[in-house]
Participant: 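Pasting in a structure now, in structure tokens, and then I'll have a few things to ask.
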Amino acid sequence: MRLIGLALALAAASGAQAETRYVLAGRLIDPESGRVLTNQRIEITDGRVTAVQPWTPPPATAVLIDWSKLTVLPGLIDCHTHVADGWADSSDPAEALHHSATATILKGARRARETLQAGFTTVRDVGVFRGLSDVALRDAIEAGDVEGPRMVVAGAYITIPNGGGAVTGAAPDVPVPDDMKLGYVRNADDARNAVDMLFGRGADFIKMIATGAVLAVGSTPGALELTPEEMKAACDAAKRHGSYCIAHAHGAEGVKAAIRAGARSIEHASLIDDEGLKMARDAGVWLDMDIFDGDWIDAEGTKAGWPAEYLRKNRETTEAQRQGFAKAVKLGVKLSFGTDAGVYPHGLNARQFAYMVRYGMTPMQAIQSATVVSAALLGKSADVGALSPGHYADMIAVEGDPLTDIRALEHVVGVVKGGKEIALR
């Protein structure tokens with residue numbers, strides 16, 4: 001509230017007129033308290049929530065968004081997307097080589113709009129093949145030049161050459177551009193230097209490819225790719241910059257090595273074992289498990305003729321990952337909401353909620369995962385993930401009740417970002 005008061009005081013001192021508008025929420029799901037409130041008046045001033053209280057009519061001239069017949073929630077957060085890599089939904093491992101940097105960023109702008117219209121007002125974009133294209137997209141959205149979610153970005157992948165974060169699949173004599181090799185490392189010094197470079201060029205956090213990948217040619221998901229020393233060097237360097245590393249890790253040993261190195265979250269964690277689950281819980285590390293897209297890869301990838309290697313590795317990891325997720329729920333591990341959007345079409349992110357409920361979460365826990373839990377992972381609990389005073393006025397509206405049918409979140413009928421309504425397709 002002090003921030004809100006300061007903003008209003010500065011506006012008054014400069015003679016600016018603070019803009020106030022209102023939302024009438026028929027039902028308001030509050031993930032901070034785990035409660036549902038009815039007939040609430042949400043007051044918004046200069047893009048942030050200033051009050052939430054039982055409904056009373058605002059001034060007759062006020063701007064009012066009437067969601068009286070809808071269920072309202074904070075804007076959703078996806079902590080594992082590939083929005084800026086606009087062509088990421090291709091099965092061609094060399095797809096990035098087929099498009100210019102300009103074409104890639106323009107396609108990323110479209111993906112950003114699709115993501116926002118689906119109700120995801122904040123995303124953590126976890127790596128791009130075209131280095132720093134995510135930084136450019138984040139900045140364009142912040143400047144108001146492109147419509148999209150608030151973005152937290154990695155800049156590039158920290159990966160070994162030909163590893164899970166490298167562009168592979170091209171003919172041997174086809175050169176890979178330098179901007180696709182920004183995060184290539186061969187030792188701990190390389191890792192440290194790459195981290196410093198990425199933060200210097202605008203990254204918000206660092207993405208390490210600790211193990212092999214499912215959707216990468218010649219990469220084994222269970223195999224360690226970065227060494228423990230390289231991961232420790234990267235994590236220590238990120239901490240010096242006041243930030244953190246996350247780790248793509250499918251294999252159990254890779255998960256544990258990344259936790260020991262100081263990773264803040266583990267992405268995928270497909271083959272995590274009981275020891276790894278307990279290590280994550282005890283260290284306060286988030287697991288960001290994309291338990292929806294295995295079905296998409298199997299069904300759509302088979303239909304489209306994706307590489308047999310991709311389909312085989314997906315089948316070998318999907319069910320194991322879901323069982324690990326179910327164990328994590330019971331164990332009380334922190335579980336954020338991350339979908340790997342880009343593997344499947346952007347805008348379908350909310351399909352994961354039903355899988356989270358199927359594998360052990362209550363609907364409220366699933367909603368909290370995509371709001372307050374993910375906000376905490378991003379270090380942005382004061383700004384996003386909730387609708388109490390001081391937070392950005394980011395919110396969505398759906399018909400029906402997500403607490404009785406979580407799939408209601410797949411059909412968003414209203415989106416507000418920073419207090420302004422977003423036109424839906």
Side-chain angles (χ1 to χ4, degrees), residues 79-80 124-132 134-135 152-168 176-214 216-273 275-276 279-280 282-288 377 379:
C79 289
H80 192 119
R124 187 176 66 173
D125 219 40
V126 295
V128 287
F129 290 124
R130 283 281 183 189
L132 306 175
D134 52 354
V135 173
V152 181
V153 303
Y157 299 109
I158 301 296
T159 183
I160 62 170
N162 297 314
V167 176
T168 58
V176 176
D178 288 343
D179 67 351
M180 294 185 182
K181 299 187 290 186
L182 288 183
Y184 282 17
V185 302
R186 295 169 176 81
N187 53 53
D189 284 339
D190 281 356
R192 193 176 298 111
N193 292 336
V195 168
D196 288 342
M197 178 274 295
L198 288 171
F199 280 120
R201 298 184 69 177
D204 297 306
F205 68 97
I206 299 299
K207 167 78 172 290
M208 305 183 298
I209 306 297
T211 74
V214 171
V217 171
S219 186
T220 303
L224 198 65
E225 291 192 345
L226 290 176
T227 67
E229 293 77 19
E230 289 163 349
M231 287 191 276
K232 181 69 162 56
C235 289
D236 287 350
K239 288 175 185 173
R240 281 195 289 102
H241 288 274
S243 187
Y244 60 88
C245 285
I246 68 173
H248 158 112
H250 287 287
E253 294 310 311
V255 168
K256 290 180 281 192
I259 293 173
R260 294 187 191 103
R264 184 172 175 86
S265 70
I266 305 297
E267 311 302 300
H268 309 300
S270 302
L271 304 174
I272 193 168
D273 60 16
E275 181 186 15
M279 286 176 64
D282 295 346
V285 169
W286 284 260
L287 298 183
D288 204 41
L377 168 55

Participant: Looking at every non-hydrogen atom in both residues, tell me the closest pair between Ala238 and Tyr244 and how far apart they are.
Facilitator: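 That closest heavy-atom pairing would be CB-C, 3.7 Å.
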Participant: Can you name the side-chain hydrogen bond (donor to acceptor under 3.5 Å, both in side chains) partners of Arg130, sequence neighbours left out?
Facilitator: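 Partners of Arg130 by the side-chain hydrogen bond (donor to acceptor under 3.5 Å, both in side chains) criterion, ordered by chain and then number, come out as Asp179.
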Participant: Measure the CD1-SG distance between Ile246 and Cys235 for me, rounded to the nearest 0.5 Å.
Facilitator: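 Here the interatomic distance stands at 10.5 Å.
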Participant: Quick test of your reading of the model: are Asp236 and Arg240 salt-bridged, counting only N-O distances below 4.0 Å?
Facilitator: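 Not counted as a salt bridge, because no side-chain N and carboxylate O are separated by less than 4.0 Å.
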Participant: Testing Leu198, Asp190, Leu182 for side-chain contact (heavy atoms from CB on, under 4.5 Å) with Ile158, which one passes?
Facilitator: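 Passing option: Leu198.
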Participant: List the atom of Ala154, the atom of Ala203, and the distance in Å for their closest heavy-atom pair.
Facilitator: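 The answer is O-CB, 3.4 Å.
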Participant: Quick one: pull up CE in Met197 and CZ in Arg192 and give me the separation to the nearest 0.5 Å.
Facilitator: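 Met197 CE to Arg192 CZ: 14.5 Å, rounded to 0.5 Å.
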Participant: Is it true that the NZ or CZ of Arg124 lies under 6.0 Å from the centre of Phe205's six-membered ring and within 45 degrees of the ring axis?
Facilitator: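 Yes, cation above the ring, under 6.0 Å and within 45°.
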Participant: Show the nearest heavy-atom pair for residues Ala269 and Leu287, with the distance to one decimal.
Facilitator: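 Heavy atoms of Ala269 and Leu287 come nearest at CB-CD2, 4.3 Å.
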Participant: Lys256 pairs by side-chain contact (heavy atoms from CB on, under 4.5 Å) with which of Asp273, Ile272, Leu224?
Facilitator: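 Testing each of Asp273, Ile272, Leu224 against Lys256, the sole residue satisfying side-chain contact (heavy atoms from CB on, under 4.5 Å) is Asp273.
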Participant: Nearest heavy-atom pair of Ala249 and Ala210: which atoms, and what distance?
Facilitator: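 Closest approach of Ala249 to Ala210: CB-CB, 4.2 Å.
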Participant: If you look only at pairs with a residue in residues 198-214, which of them pass as a side chain to side chain donor-acceptor pair (under 3.5 Å), with sequence neighbours excluded?
Facilitator: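 Passing the test, one end in residues 198-214: Arg138-Asp204.
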Participant: Kindly give the heavy-atom pair with the smallest separation between Glu230 and Ala188, and that separation in Å.
Facilitator: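 Answer, listing the atom of Glu230 first, then Ala188: CG-N, 3.7 Å.
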Participant: So, do Thr159 and Tyr184 sit near enough that their side-chain heavy atoms are less than 4.5 Å apart?
Facilitator: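 Side-chain contact under 4.5 Å: yes.
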Participant: What's the spacing between Leu226 CG and Lys232 NZ if we round to 0.5 Å?
Facilitator: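 Nearest 0.5 Å value for the CG-NZ distance: 15.0 Å.
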Participant: Would you list the pairs meeting salt bridge (charged side-chain N to carboxylate O under 4.0 Å, His left out) in which at least one residue belongs to residues 216-229, sequence neighbours left out?
Facilitator: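 Qualifying pairs: none.
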Participant: Would you name the heavy atoms of Ile259 and Gly276 that are closest together and state the gap between them?
Facilitator: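 Here Ile259 and Gly276 meet closest at CD1-O, 4.0 Å.
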Participant: Measure the SG-CG distance between Cys79 and Asp288 for me, rounded to the nearest 0.5 Å.
Facilitator: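 Cys79 atom SG to Asp288 atom CG measures 5.5 Å (nearest 0.5 Å).
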Participant: Tell me whether the rings of His268 and His248 are parallel (<30°), tilted (30 to 60°) or perpendicular (>60°).
Facilitator: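 Ring orientation of His268 relative to His248: perpendicular.
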Participant: More than 12 non-hydrogen atoms from neighbouring residues, nucleotides or ligands closer than 6.0 Å to CG on Asp178, yes or no?
Facilitator: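 No, not enclosed.
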Participant: Is there a side-chain contact between Met279 and Ile266, using heavy atoms and a 4.5 Å cut-off?
Facilitator: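 Side-chain contact under 4.5 Å: no.
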